[in-house]
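First comes the structure, then the notes that go with it.
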Amino acid sequence: MQTNQTLSLPNMGCGTWAWGNQLLWGYNESMDDQLQQVFNLCVNNGVTLFDTGDSYGTGRLNGRSELLLGRFAREYDGINKNNICIATKLAAYPWRWTRKSIISACHASAKRLGKNVDLVQMHWSTANYAPWQEVGLLDGLADLYEQGLVKGVGLSNYGTKRLLWVHKRFQERGIPIKTLQVQYSLLSTYPVTELGLKDVCDDLGIKLIAYSPLALGLLTGKFSENGNFPKGVRGFLFKQILPGIKGVLGTLQEIANSRNKTMSQVAINWCICKGTIPIPGAKNLEQAQQNIGALGWFLNDGEVAELDNAAAKSEKKMVQNIFQTR
């Protein structure tokens, strides 16, 4: 029984990995009012796609991101309310391997959201370490769409080869793949340039979502080799990468200055110009406002080429997600 409605996707979304994550992003519950304001501001400005995951939220706060999104969506009453699209990713945990386990996981997400998931995505492929596990998970994903429990189905961290394999399986059941989400930014061009993912997605009618378009904050221009680093894992990573990305940051700065935009806005706009939907995160109103400033204008071909060139020459790249398949 298919009663799926169409899913409208905006030019940019909002990532909510930080909403509930204490370890990497320093979340605490006192931030919730601010996060609700972030949500409202985004929707008001046409940023209606919110990306989450059932593994988001550390320790006892597991599932926090979904709970907050459900609450914010219910309480929002303004323009674009009917366009809100909550996309969740279901983790391929080792104990999940039957189609029923993925259906149960989606029901649990829907319970936290207080509504059906709009776009359900496989968080990662198990192809690199347990290819047999994926068959049941993907069958469950297709069942969710067939039963009309979700409006669309997507994948995350899949490369070209594995995407084509899944596409063939789904095509046999008449299930369209709506989106594919990969780490993509000026410091992480690998999935698109080396795997040719964008061309394949275009051929198959799949929209490419770019997560981490600001490379965890490296492309914001806020951090420098001699300045303050963020705490914890991010700080360690930044120390390794910052010295090797001067060319990219310099080019971003030049274009930002000439455009009267910020480096973040230029980096996000570059992703949009590449035909992807970037989903930068926002923990406060200032960051959300910054992100929104990436909309309503486009870099010209010359500027895109300059950034491409700087990215290609960059001595350092962003660390790839370990689950990214070929």
Side-chain angles (χ1 to χ4, degrees), residues 2 4-17 42 46-56 65-66 69 83-92 102 105-106 109 113 116-125 134 137-138 140-146 148-171 173-185 188 191-192 195-213 268 271-281 321 323-325:
Q2 269 181 246
N4 306 82
Q5 300 142 288
T6 53
L7 207 55
S8 64
L9 296 172
N11 287 341
M12 182 178 86
C14 177
T16 64
W17 181 21
C42 285
V47 179
T48 48
L49 170 67
F50 292 87
D51 180 75
T52 183
D54 70 348
S55 61
Y56 285 2
S65 175
E66 290 179 330
L69 279 170
N83 296 332
I84 293 171
C85 172
I86 298 180
T88 205
K89 299 182 294 296
L90 303 177
I102 217 75
C106 193
S109 287
L113 291 168
N116 277 358
V117 174
D118 297 310
L119 174 65
V120 68
Q121 307 157 96
M122 199 70 245
H123 204 150
W124 66 84
S125 167
E134 210 162 13
L137 301 180
L138 292 167
L141 216 59
D143 292 344
L144 287 164
Y145 184 81
E146 245 173 24
L149 294 169
V150 295
K151 293 181 193 171
V153 170
L155 303 170
S156 179
N157 298 307
Y158 279 67
T160 314
K161 202 170 153 188
R162 201 63 176 171
L163 169 64
L164 289 166
W165 177 78
V166 180
H167 182 264
K168 188 168 179 289
R169 284 185 72 85
F170 277 15
Q171 206 174 26
R173 289 179 64 176
I175 312 281
I177 298 172
K178 183 79 179 172
T179 57
L180 170 61
Q181 186 178 144
V182 290
Q183 181 178 305
Y184 185 57
S185 72
S188 177
V192 173
L195 299 181
L197 257 184
K198 180 72 174 67
D199 295 340
V200 174
C201 284
D202 288 350
D203 288 347
L204 301 177
I206 298 169
K207 197 71 193 165
L208 202 59
I209 295 176
Y211 75 77
S212 212
I268 293 168
C271 291
I272 295 171
C273 289
K274 290 289 184 180
T276 70
I277 301 173
I279 49 168
N321 190 309
F323 292 119
Q324 174 68 47
T325 56

Under 4.0 Å between a side-chain nitrogen and a carboxylate oxygen: does that hold for Asp143 and Arg173?
yes
Table please: side-chain donor-acceptor pairs of residues 162-170 below 3.5 Å, with sequence neighbours left out.
unit_1: Arg162; atom_1: NE; unit_2: Glu134; atom_2: OE1; d: 2.9
unit_1: Arg162; atom_1: NH2; unit_2: Glu134; atom_2: OE1; d: 2.7
unit_1: Arg169; atom_1: NH2; unit_2: Asp139; atom_2: OD1; d: 3.1

Contacts of Phe50 that satisfy ring pair (Phe, Tyr, Trp, His ring centres under 6.0 Å) - sequence neighbours left out
Phe39
Are the side chains of Val150 and Asp118 in contact, using a 4.5 Å heavy-atom criterion?
no
So, do Ile277 and Asn11 sit near enough that their side-chain heavy atoms are less than 4.5 Å apart?
no
Would you say that Leu197 contacts Val182 through its side chain, given a criterion of any heavy-atom pair below 4.5 Å between the two side chains?
yes
Minimum side-chain heavy-atom gap Val47-Pro10 below 4.5 Å
no
Partner set under side-chain contact (heavy atoms from CB on, under 4.5 Å) for Ser212, not counting sequence neighbours:
Gln183, Leu216
Within-4.5 Å side-chain heavy-atom neighbours: Leu149 and Cys106:
no
His123 and Ser55, any side-chain heavy atoms less than 4.5 Å apart
yes
Interatomic spacing from OG1 in Thr325 to CH2 in Trp124 - rounded to 0.5 Å:
13.0 Å
Say you draw a straight line from CG of Asn157 to CG of Leu180; how long is it, rounded to the nearest 0.5 Å?
8.5 Å
Return the minimal non-hydrogen interatomic distance between Lys198 and Gly275, and the atom names on each side.
CE-O, 3.3 Å
Cys14 to Ile279 - nearest heavy-atom pair and separation:
N-CG2, 4.1 Å
Applying salt bridge (Lys or Arg N to Asp or Glu O under 4.0 Å), can you list everything that pairs with Lys89, at least two apart in sequence or on another chain?
Asp51
Could you walk me through whether Thr88 and Tyr56 pass side chain to side chain contact (heavy atoms under 4.5 Å, CB included), step by step?
CA-CA 10 Å; Thr88 205; Tyr56 285 2; over 6 Å; no
Check the pair Thr16 / Ser65 against side chain to side chain donor-acceptor pair (under 3.5 Å), numbers first and verdict last.
CA-CA 6 Å; Thr16 64; Ser65 175; 2.8 Å; yes
Determine yes or no for a side-chain-to-main-chain donor-acceptor pair under 3.5 angstrom, with Thr276 supplying the side chain and Cys271 the backbone.
yes
Does the side chain of Leu155 reach to within under 4.5 Å of the side chain of Gln121, using non-hydrogen atoms?
no
Keeping the roles fixed (side chain from Thr48, backbone from Cys85), state whether a donor-acceptor pair exists under 3.5 Å.
no
Within-4.5 Å side-chain heavy-atom neighbours: Pro278 and Tyr211:
no
Please determine whether side chain to side chain contact (heavy atoms under 4.5 Å, CB included) holds for the pair Leu208 and Val192, giving the CA-CA distance in whole Å, both sets of side-chain angles, and the decisive distance to 0.1 Å.
CA-CA 10 Å; Leu208 202 59; Val192 173; 3.8 Å; yes
Would you mind telling me which of Ile209, Val153, Leu7, Leu49 makes a side chain to side chain contact (heavy atoms under 4.5 Å, CB included) with Thr179?
Ile209
CD1 on Ile86 to NZ on Lys151, rounded to 0.5 Å:
9.5 Å
Hey, what do you get for CG (Asp54) to CG (Leu113), rounding to the nearest 0.5 Å?
10.5 Å
With sequence neighbours left out, write down each residue that passes salt bridge (Lys or Arg N to Asp or Glu O under 4.0 Å) with Lys207, or none if nothing qualifies.
none
When rounded to the nearest 0.5 angstrom, what distance separates CG in Leu137 from CD1 in Ile102?
4.5 Å
Test log, rule side chain to side chain contact (heavy atoms under 4.5 Å, CB included), inputs Glu146 and Ile175
CA-CA 8 Å; Glu146 245 173 24; Ile175 312 281; 4.0 Å; yes
Provide the closest heavy-atom pair for Ala210 versus Pro213 in the form atom of the first, atom of the second, distance.
O-CD, 3.7 Å
OG (Ser109) and CG (Asn116) are apart, to the nearest 0.5 Å, by 11.0 Å
Residues at least two apart in sequence or cross-chain that pass side-chain contact (heavy atoms from CB on, under 4.5 Å) with Asp199, listed by chain then number, are none
